[in-house]
J.: 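Shown below is the structure under consideration.
Because the structure is predicted, anything quoted here is derived from the model rather than measured.
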Amino acid sequence: MTTTTPTPADLRASVVLLTGASGSIGTALRRRLAAEGAVVVGLDLAADPGAGILACDITDEAQVRAAVEKVVGAHGRLDVLVNNAGISAIGGVDDHDLATHRRVLEVNHLGALACTLAALPHLRASRGSVVTIGSVAGFAPVVGRPAYVAAKHAVTGLMEALRPELAADGVHVGLVHPTFVTTRLATAEGSAERSTTGAQVSPDDVAAAVVDVLRRRRDRALVGRTAHLAWHAARLAPRTYARLMTRRLRQGTPA
């Protein structure tokens with residue numbers, strides 16, 4: 001399920017571009033990567049110069065390209081892109097209009113693609129890494145979030161397809177799939193409480209997994225017991241998985 005390189009990568013002095021840098025996972029990632037000695041530049045909708053965060057709407061290709069060039073101009077290189085930004089939409093498929101479905105897809109999938117395309121020439125030059133924050137929803141169905149499931153499946157499929165394509169250029173592509181995280185969930189409408197299907201993980205758990213994937217250049221990491229169970233159950237017994245997941249979500253408690 002995972003592969004590693006013989007020698008762990010050293011993140012000291014690596015230049016990292018991180019999207020969704022102001023959120024709970026983004027904050028944990030900034031701290032963890034900085035502790036590894038990396039130079040971290042964040043992107044989010046609002047700038048925070050004190051935290052090293054540039055203003056950038058990742059669904060705007062021109063803004064993304066300008067941000068990447070600003071980072072490379074300031075630091076001379078780009079070694080890592082972490083696609084962390086994401087939003088969801090809670091409800092059934094017809095609870096949201098097409099614009100909401102499109103917005104969720106634009107942020108989770110097309111935004112990650114825009115950042116990857118802009119960063120790719122520099123990552124090829126540094127033989128660097130792209131790591132994307134996926135989800136259990138990226139490889140298994142999750143009831144009550146069809147727009148989010150579709151978008152996470154899309155970006156997961158994209159990154160799985162890019163891995164062998166970019167390997168020839170020495171670029172590592174990794175995915176980190178956490179189960180439900182102990183934060184309020186950003187949605188297309190704002191934010192909402194989330195229902196869970198099992199034990200949750202913390203933003204620090206996700207950040208630690210990202211660092212491990214980067215250091216060992218792993219293909220993917222599953223974060224949390226529920227993520228591991230879902231990975232195997234969705235493949236070996238998909239109907240049983242769907243039945244249990246639906247029942248547990250209906251009994252779920254707010255995060």
J.: Examine the side chains of Asp204 and Ser202 and answer whether a donor and an acceptor come within less than 3.5 Å of each other.
T.: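 Judged by distance alone, the side chains do not pair up.
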J.: Has His101 got a side-chain atom pairing as donor or acceptor with Val93's backbone, closer than 3.5 angstrom?
T.: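 Checked: pair present.
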J.: Where the side chain of His172 meets the backbone of Arg218, is there a donor-acceptor pair that is under 3.5 Å apart?
T.: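 Flag set: sc His172 to bb Arg218 pair under 3.5 Å.
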J.: Hey, is the main chain of Ser22 close enough, under 3.5 Å, to the side chain of Asp44 for a donor-acceptor pair?
T.: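 Present.
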J.: So, Arg30 and Thr27: side-chain donor and acceptor under 3.5 Å apart, yes or no?
T.: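 Note: Arg30 and Thr27 side chains meet the donor-acceptor criterion.
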J.: Shared ILVMFWY cluster between Leu117 and Leu54, side chains joined below 4.5 angstrom?
T.: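 Same cluster.
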J.: Could you report the tightest heavy-atom contact between Phe139 and Ala227, atom names first, then the distance?
T.: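 Smallest heavy-atom distance, with atoms named: CZ-O, 3.7 Å.
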J.: Any side-chain to backbone donor/acceptor pair from Asp95 onto Gly92? Under 3.5 Å, distance only.
T.: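 Flag set: sc Asp95 to bb Gly92 pair under 3.5 Å.
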J.: Yes or no on side chain to side chain contact (heavy atoms under 4.5 Å, CB included) for Val211 and Leu11, after CA distance, side-chain angles and deciding distance?
T.: CA-CA 9 Å; Val211 168; Leu11 295 177; 4.1 Å; yes
J.: Walk me through it: do Leu17 and Leu78 pass the test side chain to side chain contact (heavy atoms under 4.5 Å, CB included)?
T.: CA-CA 7 Å; Leu17 184 61; Leu78 180 60; 3.8 Å; yes
J.: Does Glu106 pair with Arg102 as a salt bridge, N-O distance under 4.0 Å?
T.: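 Judged by the 4.0 Å cut-off on N to carboxylate O distance, Glu106 and Arg102 do not form a salt bridge.
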J.: Among residues at least two apart in sequence or on other chains, which ones pass side chain to side chain donor-acceptor pair (under 3.5 Å) with His153?
T.: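 None.
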J.: Tell me the closest heavy-atom pair linking His177 and Gly134, and the distance in Å.
T.: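 Closest approach of His177 to Gly134, heavy atoms only: ND1-CA, 3.6 Å.
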J.: Which atom names give the shortest non-hydrogen contact between Ile90 and His96, and what distance separates them?
T.: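 Shortest heavy-atom contact: O-NE2, 2.9 Å.
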J.: Quick check for you: to the nearest 0.5 Å, what is the distance between Arg32 atom CZ and Asp212 atom CG?
T.: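 Reported value, rounded in 0.5 Å steps: 10.0 Å.
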J.: Under the side chain to side chain contact (heavy atoms under 4.5 Å, CB included) criterion, do Asp219 and Leu175 qualify, and how do the steps go?
T.: CA-CA 6 Å; Asp219 288 353; Leu175 282 156; over 6 Å; no
J.: Should Val72 and Arg77 count as side-chain neighbours, where that means a heavy-atom distance under 4.5 Å?
T.: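 The answer is no, as the side chains (C-beta and beyond) never meet within the 4.5 Å cut-off.
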J.: Quick one: do Val68 and Ile53 end up in the same hydrophobic cluster if we chain Ile, Leu, Val, Met, Phe, Trp and Tyr together by side-chain heavy atoms under 4.5 Å apart?
T.: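 Hydrophobic grouping puts Val68 apart from Ile53.
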J.: For the side chain of Lys152 and the backbone of Ile133, is there at least one donor-acceptor N/O pair under 3.5 Å apart?
T.: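 Such a contact is found between Lys152 side chain and Ile133 backbone.
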J.: Strictly distance-based, threshold 3.5 Å: is any side-chain N or O of Thr19 a donor or acceptor partner for the main-chain N or O of Ala85?
T.: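 Such a contact is found between Thr19 side chain and Ala85 backbone.
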J.: Evaluate the side-chain proximity of Arg215 to Asp10: yes if any heavy-atom separation is below 4.5 Å, no if none is.
T.: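 Not touching, per the 4.5 Å side-chain cut-off.
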J.: Any Lys/Arg nitrogen of Asp169 or Arg127 sitting under 4.0 Å from an Asp/Glu carboxylate oxygen of the other?
T.: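 Salt bridge absent between Asp169 and Arg127.
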J.: Does Asn108 reach the main-chain N or O of Val104 with its side chain, forming a donor-acceptor pair under 3.5 Å?
T.: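 Judged by distance alone, yes, a pair lies under 3.5 Å.
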J.: Can you give me the closest heavy-atom contact between Val149 and Ala140, atom names plus distance?
T.: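 The pair with the smallest heavy-atom distance is CG1-O, 4.3 Å.
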J.: Can you find a heavy atom in the side chain of Leu18 that is under 4.5 Å from one in the side chain of Val41?
T.: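 A side-chain contact under 4.5 Å is absent here.
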J.: List the steps, then state whether side chain to side chain contact (heavy atoms under 4.5 Å, CB included) holds for Leu29 with Ile25.
T.: CA-CA 6 Å; Leu29 279 165; Ile25 295 175; 3.8 Å; yes
J.: In Å, rounded to the nearest 0.5 Å, how long is the span from CD1 of Ile58 to CG of Leu110?
T.: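 Ile58 CD1 to Leu110 CG: 9.5 Å, rounded to 0.5 Å.
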J.: Using the test side chain to side chain donor-acceptor pair (under 3.5 Å), find all partners of Glu160 that sit at least two apart in sequence or belong to another chain.
T.: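 Expected list: Arg163, Arg220.
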J.: Under 3.5 Å, is there a donor-acceptor pair between the side chain of Asp79 and the main chain of Val15?
T.: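 Side chain of Asp79 to backbone of Val15, a donor-acceptor pair under 3.5 Å: yes, one is there.
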J.: Just jot down the side chain to side chain donor-acceptor pair (under 3.5 Å) partners of Asn83, sequence neighbours excluded, or say none.
T.: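 Scan of Asn83 (side chain to side chain donor-acceptor pair (under 3.5 Å), adjacent residues dropped) gives Thr116, Thr132.
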J.: Identify the two heavy atoms, one from Ala119 and one from Leu81, that lie closest to each other, and give their separation to 0.1 Å.
T.: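 Minimum heavy-atom separation between Ala119 and Leu81: CB-CD2, 4.1 Å.
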J.: Taking His228 for its side chain and Gly224 for its backbone only, find out whether a donor-acceptor pair lies under 3.5 Å.
T.: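 Yes; at least one donor-acceptor contact below 3.5 Å.
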J.: Would one find more than 12 heavy atoms of other residues, nucleotides or ligands at under 6.0 Å from atom CD of Glu61?
T.: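 Incorrect, the count does not exceed 12.
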J.: Are there more than 12 heavy atoms of other residues, nucleotides or ligands under 6.0 Å from atom CZ of Arg235?
T.: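 Check passes, neighbour count above 12.
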J.: Enter the distance from Gln63:CD to Lys70:NZ here, rounded to the nearest 0.5 Å.
T.: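 Going from the CD atom of Gln63 to the NZ atom of Lys70 covers 12.0 Å.
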J.: Can you tell me how far the OG1 atom of Thr59 sits from the CG atom of Leu105, to the nearest 0.5 Å?
T.: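 Output value for this atom pair is 11.5 Å.
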J.: What pair of heavy atoms forms the shortest contact from Ala47 to Pro49, and how long is it?
T.: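 So the minimum-distance heavy-atom pair works out to C-CD, 3.9 Å.
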